[in-house]
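A short worksheet on the structure shown next.
As the structure lists them, so they are numbered: ligands from 1, and atoms in each ligand from 1. Residues: numbered from 1 along the sequence shown.
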Amino acid sequence: MYDFIIIGGGTAGLSSAVYACRANKSTLVIEREAFGGQIVDAPTVENYPGIVSISGAQFASDLFDQAERAGAEFKCETVQKIIPQNGYTTVVTDEGKYDAKAVVIAAGCEHKRLGVVGEDRLIGSGVSYCALCDGAFFKDRTVAVVGGGNAAFSAASYLAGVASLVYVIHRRNEFRAEPTVVERVKALNNVRFITKAKVTELVGDDELTALKLDVNGAPQTLDVDGMFVAIGQQPDNGVFAPIALDESGYITADEKCRTNVKGIYAAGDCRAKTVRQLTTAAADGAIAVQTALSELLF
Ligand code: NAP
C-alpha cells in the first residue's frame, strides 16, 4: 500500500511527487510514455517564475531528478482503470495492480489531430505532433507548422533552425501565442506565414509531399516534406471512471483539486481549468497533495 499513487509523469505529476515525498509519504508515479510530459517538446521555457530561460527537456529532466532524489518510485505502465475501495484506491495497469491511500490523476492531454484526409495514414511519414522529436528528419527540407498558439510558434522557432523553409499555417489572422514569441518568429528569414488558411487534405502515397489548403476561400496546393500539427491538446480521461468529467472530457475538480471521489485528486492539464501553463500544473500538484494530506489519515 503506497501513500500516494500519481498517475502521469509530467509537470503536475512530478510536482505532486516532490510534495508527497517531502511530506515523507511513499509515492509511486505511473507514466505510460516518457517522463517529463508535454514541456519536453518546448525548445525554451521563459515564463516559469525564477527561471530566466531553460529548455523544456532540461526543465523536465531537473524536475524528474528532484522527484527521484526526494524518494519517488517510478513505473512505466499504462493505467487501465481505477477502483475506489473502502479508504483506499486500486490502480490497475497493463502490468499490475497497486493500492494507495491517495491518488492524484495528472494524466495531461493528448495532441489534437486536424482530422483531415491522409493525416492518420501519414503519421510518421511526414506528419508529426512533436517538432523536437522529429524535426531532425527534416534537415534542409520544407515543413509546415499548423496552429497559431505558443506550441505552434515554439515548433516553428525550433524548425527554423533545422529546415530550410518553414510555413506557419493558421486559420485566423491573429495569433494566440504570446506577442513577444510571435515577433521573434516573424523576424526569422526562413519562416513564412499563411493565415486565414485551413488544411483540407494531405497529399502523398508513402510520404507526405504536399498540403491542400483553403486560403481565404481559395484552394491552393503547398509542397512540403513535413507537417507539424500544433493545434492544442485534448484530454483522455475515459479510463478514470467513476471520476466525473465535464462535457469536453476534462476532470471536474474543485479549487483544492478534489474530484467527486474521496481520496482521488486531479492536477494539471487533465482537469477543467482556464489557464493551462507550467506554473498552474506545478501549483495543482502542490495543492492536490496538500489537500490529501489535510484530508486523509496516513
Ligand atoms: P492553444 O494555445 O490552445 O493554441 C491552439 C492553436 O491551434 C490556436 O491558434 C487555434 O486557433 C489552433 N487550432 C485549434 N484547433 C484547430 C483546428 N481544428 N484547425 C486549425 N487550427 C486549430 O494550444 P497550444 O499552442 O498547444 O498551447 C496549449 C497551452 O500550453 C497554452 O496555454 C500555451 O500557452 C501553453 N504552451 C506554452 C509554451 C511555452 O513555451 N511557455 C509552449 C507551448 C504551449 P485559434 O487561435 O483560431 O483558436
Quiz item: For atom 46 (O) of ligand 1, what's the nearest protein heavy atom and its distance?
Solution: R172 NH2, 2.8 Å
Exercise. Flag yes if more than 12 heavy atoms outside R69 fall under 6.0 Å of its CZ atom; otherwise flag no.
Key: no
Self-check item: Protein contact of atom 35 (C) of ligand 1 - nearest heavy atom, named by residue and atom, plus distance
Solution: Q277 NE2, 3.5 Å
Quiz prompt | Exam field: side chain N216 to backbone K196, donor-acceptor pair closer than 3.5 Å | solution = no
Quiz item: Under the 3.5 angstrom rule, does the side chain of N260 hit a backbone N or O of P242 as a donor-acceptor pair?
Solution: yes
Self-check item: SB check R141 D225 (cutoff 4.0 Å)
Solution: yes
Quiz item: What residue and heavy atom of the protein are closest to atom 28 (C) of ligand 1, and at what distance?
Solution: Q233 CG, 4.8 Å
Quiz item: Nearest to atom 11 (O) of ligand 1, what protein heavy atom do you find, and at what distance?
Solution: R171 NE, 3.2 Å
Self-check item: T252 and D246 side chains, donor-acceptor separation under 3.5 Å
Solution: no
Quiz item: For atom CZ of F240, is the number of surrounding heavy atoms from other residues, nucleotides or ligands below 6.0 Å larger than 12?
Solution: yes
Practice problem: Do me a favour and list the nearest non-hydrogen protein atom to atom 37 (C) of ligand 1 with residue, atom name and distance? | Solution: N150 CB, 3.8 Å
Exercise. Using a 4.0 Å heavy-atom threshold (strictly under), name the region of H170 that reaches ligand 1: side chain, backbone, both or neither.
Key: side chain
Quiz item: Given that the side chain starts at C-beta and the backbone is N, CA, C, O, which of these parts of N47 lies under 4.0 Å from ligand 1, counting heavy atoms, or is it both or neither?
Solution: side chain
Exercise. Mind checking whether T44 contacts ligand 1 via backbone (N, CA, C, O), side chain (CB onward), both or neither, at a 4.0 Å heavy-atom cut-off?
Key: backbone
Quiz item: Between K256 and E295, is there a side-chain N and carboxylate O pair less than 4.0 Å apart?
Solution: no
Quiz item: To the nearest 0.1 Å, how far is atom 30 (O) of ligand 1 from its closest protein heavy atom, and which atom is that?
Solution: R276 O, 3.8 Å
Quiz item: Do E174 and ligand 1 have an N or O pair less than 3.5 Å apart?
Solution: no
Quiz item: Less than 4.0 Å between atom 33 (C) of ligand 1 and some protein heavy atom, yes or no?
Solution: yes
Quiz prompt | Side-chain (E119) to main-chain (L114) donor-acceptor, under 3.5 angstrom | solution = yes
Quiz item: Do any nitrogen or oxygen atoms of L114 come within less than 3.5 Å of a nitrogen or oxygen of ligand 1?
Solution: no
Practice problem: Identify the protein heavy atom lying closest to atom 9 (O) of ligand 1, giving its residue, its atom name and the separation to 0.1 Å. | Solution: G148 N, 3.0 Å
Exercise. May I ask you to check whether A151 has an N/O atom sitting below 3.5 Å from an N/O atom of ligand 1?
Key: yes
Exercise. Tell me yes or no: between the side chains of D269 and Q233, is some donor less than 3.5 Å from an acceptor?
Key: no
Exercise. Check each of I105, V92, V239 against I82 using the side chain to side chain contact (heavy atoms under 4.5 Å, CB included) test, and report the only one that passes.
Key: I105
Self-check item: From the candidates S154, A152, G56, the one that places a heavy atom nearest atom 42 (C) of ligand 1
Solution: S154
Practice problem: Evaluate the ring planes of F35 and F74, with Trp represented by its six-membered ring, and classify them as parallel (under 30°), tilted (30 to 60°) or perpendicular (over 60°). | Solution: perpendicular
Self-check item: Any N/O pair R176/ligand 1 closer than 3.5 Å
Solution: yes
Exercise. Could you check atom 23 (O) of ligand 1 against the protein and tell me its nearest heavy-atom contact, residue, atom and distance included?
Key: G232 CA, 3.5 Å
